[in-house]
2 protein chains.
Amino acid sequence: MSMNPSAMKSRTNVTIKDIARKLQLHHTTVSRALRDHPDVKEETRRLILATAQEMNYHPNTFAANLRNQKSNVIGVIVPELSHDFFSSIVSEVTNEADRHGYSVMICQSNESVDQENKNISALIRNRVAGVLASTSQFTINETPFRSIMDAGIPLVFFDRVCRGLATSKVVVDFYQGACQMMEHLIELGFRRIAHIAGPADVAGARERLQGYLDVCRRFGLPLDERLIVPGGFLAENGVLAAERLLALAHRPDAVFAVNDEVAIGAMIRLKEEGLQVPQDIAVAGFDNDKISAFTTPPLTTVDVPRVEIGKKSVELLLPYLEPAKTTPEPVIVRLATKLVVRASTGHPSA
Amino acid sequence: MSMNPSAMKSRTNVTIKDIARKLQLHHTTVSRALRDHPDVKEETRRLILATAQEMNYHPNTFAANLRNQKSNVIGVIVPELSHDFFSSIVSEVTNEADRHGYSVMICQSNESVDQENKNISALIRNRVAGVLASTSQFTINETPFRSIMDAGIPLVFFDRVCRGLATSKVVVDFYQGACQMMEHLIELGFRRIAHIAGPADVAGARERLQGYLDVCRRFGLPLDERLIVPGGFLAENGVLAAERLLALAHRPDAVFAVNDEVAIGAMIRLKEEGLQVPQDIAVAGFDNDKISAFTTPPLTTVDVPRVEIGKKSVELLLPYLEPAKTTPEPVIVRLATKLVVRASTGHPSA
DNA sequence: ATGAAAGCGCTAACAA
DNA sequence: TTGTTAGCGCTTTCAT
């Protein structure tokens, strides 16, 4: 077997010196021309640009970055890239970063603190210009993230943040979202509302629980501990939680789940039991996953502005990336949620 | 307002020279120690490592990469990161790359050839060690991808490939998947099966159509052009296609859609029309999106091994990244699909 | 408008 | 075992 042609091609890339040699110029002139420095004769400039193109020149960012002590890469850390929620955000981040001339280096922690620390090291080693991060479920120790800042790399958190660090943050007002949903359910006449809660370690889950509790209290609904079922963020958690609720002597007339996936898991189990949604029991979720519009019945949920999260995160990071005399003060942006009413709630049986 | 402390911190990073100065050693010795070079006294080595840690040293990859003429970054180009299908693959790629010491730089083309070309340039400029790519829907000109190879960067395609380039590829046997589904439908007794096709530009969509046609022919089913509705990959396309099928004098008894999203769009429209799925009309999809298990009825579909795609792509790329005397021959891996039977097909009415 | 020299942080060949 | 020297490709003074 002979080697294929491309494999035999020399890996030596064209440099500004190659261009300079060909044109009988000094490589600094070439460098200037390529970066539109004014001190280059228009004619030379055009010649250099044409030759660069023709020689298939691609600037070596390593060399430029080394020299300039900066890079054009934004590092992103998310818990799970395969999760709809995070991939939407990363997608927006990538587009926005690109618009501003930055590439994106992506890391996922897989909800592991260990992996998260490795990700942080990798991003520091790669001298990324800035980092956008959403922490793992189990991140308590903020030191690793602090080391990003210690390395002089600007850091912005989104969604899941380290409270103790003085950086910009983009968070979602989960409390408000939970309140919206609870008010909606109560308005429809539901009185015995269960909550399938998320992991207690996650601030956003706690906020939702707090919203549930506060609205119950505000409307004088009896607080029944058995109506609050702890769990995780997965559909299975919803199935199991539904089982526990079905076992109650006095069943709830509505279920507010910590997210759509859990709500769907619960709904499936409730329907298996022969209950009609929403006639026998209403079900509501959170997050407005794509999937929630396609369930039967379609799921009432709370929309979390993912695109906005991604856009805003980049926006908050950018000022730190441009060399400036004054470093901007950290900002905390709290984004509003929006109630999305669909058929899974609706008029209660009585 | 005073500046926050971290912002005031010098951006100057610790280098091997700083460590050397502190220990009264030469920086090359430090360099050796940090890379476990044998020619360093154990005692010195330990001292250096401890000091590095203490001084919070992070190797500068720019400098190392510049010197070594290589990087530790794998570039990935996908059409849409927010799409479940691609984000699952990228997730797996990221994990696998990480396992082998590589970081991942992510680019999305947003199905735009222009953006794709920009992505390619960015990856070449960043001197990534290798590229994994899935082309946009409209990529016809293969030159930009060839320029990756011309730059001496190994390239592996997955899912959507450039046929003309002699690189390794990971593809899915969509033809086989379509055949599996059609045989399933025919086995259940359906005889008038419609196909909601994808964009004719996408090879995978054409393969599915071909499978549909071949199986129809093989079983002697009448080929009715009106039963083949062209479209895209979105739910709306399914809704519109369903409308066209409903308008037919002789309606189909089953619908095989190019993917789950389209199938769900169609199903929604069919149910609106008062038709029962699968009693009045069966519906089948393709891809096994997460969502397909949660529709009512759950959707029969064809599983595409995303994790396997990601894993295999990295596996095919890796040998090209390690410096070796012989460059491996390009390999084309064709992954099998798997029929997933759920309730949306089922026994036909008669 | 162009050239010369220096250096970013690192590694590899060679010298001691 | 450690130190010396040179250079990866680029940009930024400073000189011409």
Side-chain angles (χ1 to χ4, degrees), chain A residues 10-49 51-52 55-73 124-129 151-153 323, chain B residues 10-49 51-52 55-72 124-129 151-152 323:
Chain A
S10 137
R11 291 207 55 163
T12 315
N13 289 295
V14 181
T15 73
I16 49 173
K17 283 191 183 171
D18 296 329
I19 300 175
R21 199 173 310 124
K22 181 151 184 177
L23 296 176
Q24 302 279 53
L25 283 167
H26 200 266
H27 70 272
T28 51
T29 308
V30 175
S31 172
R32 278 191 274 256
L34 290 172
R35 279 169 308 120
D36 281 327
H37 194 286
D39 287 357
V40 180
K41 211 202 312 177
E42 182 56 23
E43 193 194 321
T44 336
R45 206 183 63 82
R46 254 205 294 273
L47 182 63
I48 290 174
L49 259 55
T51 314
M55 294 180 74
N56 206 11
Y57 170 78
H58 296 276
N60 184 327
T61 50
F62 295 157
N65 290 344
L66 177 58
R67 171 64 227 231
N68 298 334
Q69 299 280 56
K70 65 176 215 67
S71 83
N72 295 292
V73 177
I124 295 177
R125 274 200 311 277
N126 280 291
R127 295 293 191 275
V128 293
I153 300 175
Chain B
S10 138
R11 291 208 54 163
T12 315
N13 290 294
V14 181
T15 73
I16 49 172
K17 283 191 183 170
D18 296 329
I19 299 174
R21 198 172 313 123
K22 180 151 186 177
L23 297 176
Q24 303 278 54
L25 284 167
H26 200 266
H27 71 272
T28 51
T29 307
V30 175
S31 171
R32 279 190 275 256
L34 291 171
R35 279 167 307 120
D36 281 325
H37 195 287
D39 286 356
V40 181
K41 211 203 311 176
E42 181 55 23
E43 194 193 323
T44 334
R45 206 182 64 83
R46 256 204 294 272
L47 183 64
I48 291 174
L49 259 53
T51 314
M55 294 180 75
N56 206 13
Y57 169 78
H58 296 278
N60 184 326
T61 50
F62 296 156
N65 290 344
L66 176 58
R67 171 66 225 228
N68 298 334
Q69 298 280 54
K70 66 177 216 63
S71 83
N72 294 291
I124 295 177
R125 274 200 310 278
N126 280 291
R127 296 294 191 274
V128 293

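Order of the sequence lines fixes the chain letters, A, B, ..., with proteins taken first and strands second; residue numbering starts at 1 for each chain.
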If you check the [X] side chain, which of [options] turns out closest?
X: A:D39; options: D:dC14, C:dC14, C:dA1; answer: C:dA1
X: A:T28; options: C:dT2, C:dA12, C:dA4; answer: C:dA4
X: B:Q69; options: C:dT2, D:dG9, D:dT12; answer: D:dG9
X: A:A64; options: D:dT12, D:dC10, C:dC10; answer: D:dC10

[X] [atom1] to [N] [atom2], straight-line distance once rounded to whole Å:
X: A:L47; N: C:dA1; atom1: CG; atom2: C1'; result: 15 Å
X: B:I48; N: D:dG3; atom1: CD1; atom2: P; result: 9 Å
X: A:K17; N: D:dT11; atom1: NZ; atom2: C1'; result: 12 Å
X: B:E43; N: D:dT1; atom1: CD; atom2: C1'; result: 12 Å
X: A:R32; N: D:dG9; atom1: CZ; atom2: C1'; result: 16 Å
X: B:N65; N: D:dC8; atom1: CG; atom2: C1'; result: 11 Å
X: B:Y57; N: C:dC10; atom1: OH; atom2: C1'; result: 8 Å
X: A:N60; N: D:dG7; atom1: CG; atom2: P; result: 18 Å

If you draw a 6.0 Å radius around CD in A:E43, do more than 12 non-hydrogen atoms from other residues or ligands fall strictly inside?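 Incorrect, the count does not exceed 12.
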Phosphate oxygens OP1/OP2 of [N]: is one of them under 4.0 Å from a side-chain N or O of [X]?
X: A:Q24; N: C:dT2; answer: no
X: A:H27; N: D:dG9; answer: no
X: A:T29; N: C:dA1; answer: no

On DNA chain D, does the nearest nucleotide to B:K41 precede the nearest nucleotide to A:I16 from the 5' side, or the other way round? Give the residue.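 Closest to the 5' end, via its nearest nucleotide, is B:K41.
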Select base, sugar-phosphate, or nothing to describe what [X] touches, counting heavy atoms under 4.0 Å on all strands.
X: A:T44; value: sugar-phosphate
X: B:T15; value: sugar-phosphate
X: A:S31; value: base

Spell out yes or no: do the side chain of [X] and the base of [N] have one donor N/O and one acceptor N/O closer than 3.5 Å?
X: A:R127; N: C:dG9; result: no
X: B:H37; N: D:dT1; result: no
X: A:R67; N: C:dG9; result: no

Check against side-chain contact (heavy atoms from CB on, under 4.5 Å), B:Y57 and B:L34: CA-CA 10 Å; B:Y57 169 78; B:L34 291 171; 3.5 Å; yes
Taking the side chain as every heavy atom from C-beta outward, state whether A:R127 and B:H58 have any atom pair closer than 4.5 Å.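 When only atoms from C-beta onward are counted, B:H58 and A:R127 do touch, with a gap below 4.5 Å.
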Examine distances only and state if a side-chain atom of [X] and a backbone atom of [Y] form a donor-acceptor pair shorter than 3.5 Å.
X: B:S71; Y: B:N65; value: no
X: B:T51; Y: B:I19; value: no
X: A:N60; Y: A:F62; value: yes

